[in-house]
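Shown next, in structure tokens, is the structure this report addresses.
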Amino acid sequence: MILVVGAGPAGSLSATLLGKENDVAIAEEHQSAGFPVQCAGLISDDCFKKYSNYCKISRAVENEINGAFFFSPSGNFFEAEGKAFVIERKILDEMLFVKASEFAEVFVKTKVKFKGEIAIIGSKEVRPDFIIGADGVYSEVARSFGFERPDFYSAIQVEAKFEAMDENFVEIYLGKCYSEFFAYAIPIADTAKIGVIAKRNVSQYLRNLIEKHPSVSKRIKGSVLELNSGLIPADLVDFVKGKVALIGDSAGMVKPYSGGGLFYLLVAAEKLAENFPNLENYKKAFLKELGKEIGMGKKVRNVYNLQDEELEAIVSALKNFEFSDLHMDRPSMLLSPKNVFRILKTLFSNPSLVKLALKVLKG
Ligand SMILES: Cc1cc2nc3c(=O)[nH]c(=O)nc-3n(C[C@H](O)[C@H](O)[C@H](O)COP(=O)(O)OP(=O)(O)OC[C@H]3O[C@@H](n4cnc5c(N)ncnc54)[C@H](O)[C@@H]3O)c2cc1C
């Protein structure tokens with residue numbers, strides 16, 4: 001029997017795909033999947049299409065996105081186009097869990113614990129042949145089986161009435177006053193999910209964003225409607241050990257520059273099922289598909305280390321760059337032959353940018 005621990009999207013997708021040909025049980029500590037919500041629900045067009053193979057994802061759509069505005073600390077910004085969707089995580093998680101229940105034995109309100117290789121599932125004690133740790137950032141599976149743990153960022157998100165610059169554009173805010181990572185607003189009708197991701201002091205950063213940001217502070221209307229917070233793993237860790245595999249947040253499978261995990265975990269669930277029972281091949285296949293993107297993503301993340309005046313210079317220089325078809329999940333596509341030519345042209349027309357580009361690449 002394969003035991004999948006956790007019924008977030010990573011667990012439900014794994015149980016569905018493995019359950020087609022194997023004896024699978026999935027256990028979730030809460031009464032239902034997708035609770036509590038700790039996600040902004042922003043996914044790329046490509047990711048949306050992949051999820052539609054497993055559920056009626058259009059039912060979960062809250063907004064369609066056509067691109068993003070990237071703000072410097074002083075409120076200057078540049079624009080990049082790229083299609084994406086905002087989805088309601090609770091609905092997505094529930095649909096995926098219902099699908100998993102067609103292929104796996106389901107346990108809810110059941111927090112799995114381990115005594116050596118024995119899994120305690122409620123009042124039952126079983127010795128699974130394989131264990132899939134899809135149990136999120138606090139992973140009991142990872143701790144019980146001695147996996148290395150990643151570093152974490154904290155994230156805080158509120159929902160508030162908001163005058164978006166464009167209701168189909170996400171807004172990203174850079175600058176040391178608002179985070180040492182980044183802050184965002186994701187519009188939905190006349191409100192927005194407004195959040196900060198940072199190593200520490202997220203509440204203070206969020207207050208700074210809402211009260212002091214030259215653009216955001218003027219466009220937040222009224223008080224906060226909803227608040228949630230959570231942890232985001234910073235980096236991928238080794239995720240296979242003998243008959244135990246981690247997937248999703250438990251393994252640190254998130255984009256290094258955004259903390260978004262929904263695309264990577266879906267790719268991982270597919271690679272796990274394709275390669276099962278060879279878990280080492282699961283690892284190799286995942287890294288073959290996304291290793292290059294993760295490496296490139298870490299370089300993109302170095303932008304957040306720049307000083308405010310350096311961010312100002314970059315945002316100014318990119319104002320007329322005309323990014324189109326920005327792929328949220330695959331930063332390597334920035335280096336398509338067409339883009340490389342334009343990037344080089346922009347760099348050489350702003351010699352100070354060459355130094356900054358090298359700084360970002362070196363880390
Ligand atoms: C504020 C915030 C905003 C985010 N925004 C985005 C975004 O816009 N786009 C994006 O792609 N990603 C986003 N993410 C990241 C995304 O939410 C995660 O990558 C994703 O939820 C990971 O899914 P998962 O299935 O691995 O883990 P989870 O969704 O955390 O699911 C783990 C499940 O395991 C269960 N569990 C834990 N321990 C046990 C146990 N011992 N026994 C039984 N069950 C257990 C939990 O109850 C939970 O249901 C965001 C995260 C945060 C915090």
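In this chain, residues are counted from 1 in sequence order.
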Please test F182 against Y304 for ring pair (Phe, Tyr, Trp, His ring centres under 6.0 Å), starting from the C-alpha separation and ending with a verdict. CA-CA 7 Å; F182 72 95; Y304 307 138; 5.7 Å; yes
Quick check on the hydrophobic clustering: are Y257 and L262 connected, directly or via other members, by side-chain heavy-atom contacts under 4.5 Å?
no
If we ignore hydrogens and angles and just use 3.5 Å, is the side chain of N278 paired with the main-chain N or O of N281 as donor and acceptor? yes
message: Is any side-chain heavy atom of V158 closer than 4.5 Å to one of L206?
response: yes
Problem - Flag, side chain of R149 to backbone of S250, donor-acceptor distance under 3.5 Å - result: yes
Exercise for review: Would you please test K83 and D46 for salt bridge (Lys or Arg N to Asp or Glu O under 4.0 Å) and show each step?
Suggested key: CA-CA 9 Å; K83 199 156 173 49; D46 193 22; over 6 Å; no
Smallest heavy-atom separation, L18 atom then A273 atom, equals CD2-CA, 3.9 Å
Measure up the F77 and F69 rings against each other and bin them: parallel (under 30°), tilted (30 to 60°), perpendicular (over 60°).
perpendicular
Indicate the ring-plane relationship of Y264 and F286, choosing parallel, tilted or perpendicular according to the 30° and 60° boundaries. perpendicular
Applied to residues 97-129, the ring-ring contact (aromatic ring centres under 6.0 Å, His included) test, sequence neighbours excluded, yields F114-F145
Here the pair of heavy atoms bringing P233 nearest to V137 is CD-CG1, 3.6 Å
| query | Checking side-chain hydrogen bond (donor to acceptor under 3.5 Å, both in side chains) for the pair E312/S74: CA distance, chi angles, key distance, verdict? | reply | CA-CA 7 Å; E312 293 294 347; S74 72; 2.9 Å; yes
Is the closest basic N to carboxylate O distance between R330 and E289 below 4.0 Å? yes
side-chain hydrogen bond (donor to acceptor under 3.5 Å, both in side chains) evaluation trace for E140 with Y138: CA-CA 6 Å; E140 180 81 24; Y138 301 104; over 6 Å; no
By side-chain hydrogen bond (donor to acceptor under 3.5 Å, both in side chains), E125 pairs with (sequence neighbours left out) K115
Hydrophobic cluster membership, Y178 vs V196, 4.5 Å side-chain cutoff
yes
Query raised in the report: How are the rings of F181 and Y153 set to each other: parallel, tilted or perpendicular (split at 30° and 60°)?
Result: tilted
**Prompt:** Got a donor-acceptor contact below 3.5 angstrom from the N63 side chain to the E167 backbone?
**Reply:** yes
Test your reading of the model: is there a side-chain donor-acceptor pair from K218 to the backbone of P214, 3.5 Å cut-off?
yes
Review point. Is there a side-chain contact between L306 and I314 (heavy atoms, below 4.5 Å)?
Key: yes
Note: A33 and E94 closest approach over all heavy atoms is O-CG, 4.0 Å
Taking atom CD as the centre, does E117 end up with more than 12 heavy-atom neighbours from other residues, nucleotides or ligands that are less than 6.0 angstrom away?
no
So the side chain to side chain donor-acceptor pair (under 3.5 Å) pairs with at least one residue in residues 200-215 (sequence neighbours excluded) are E180-Y205, Q204-R207, Q204-N208, S215-R219
- Item | Non-hydrogen side-chain atoms of E310 and K359 separated by less than 4.5 Å | yes
Main-chain N/O of I220 paired with E163 side-chain donor or acceptor, under 3.5 Å:
no
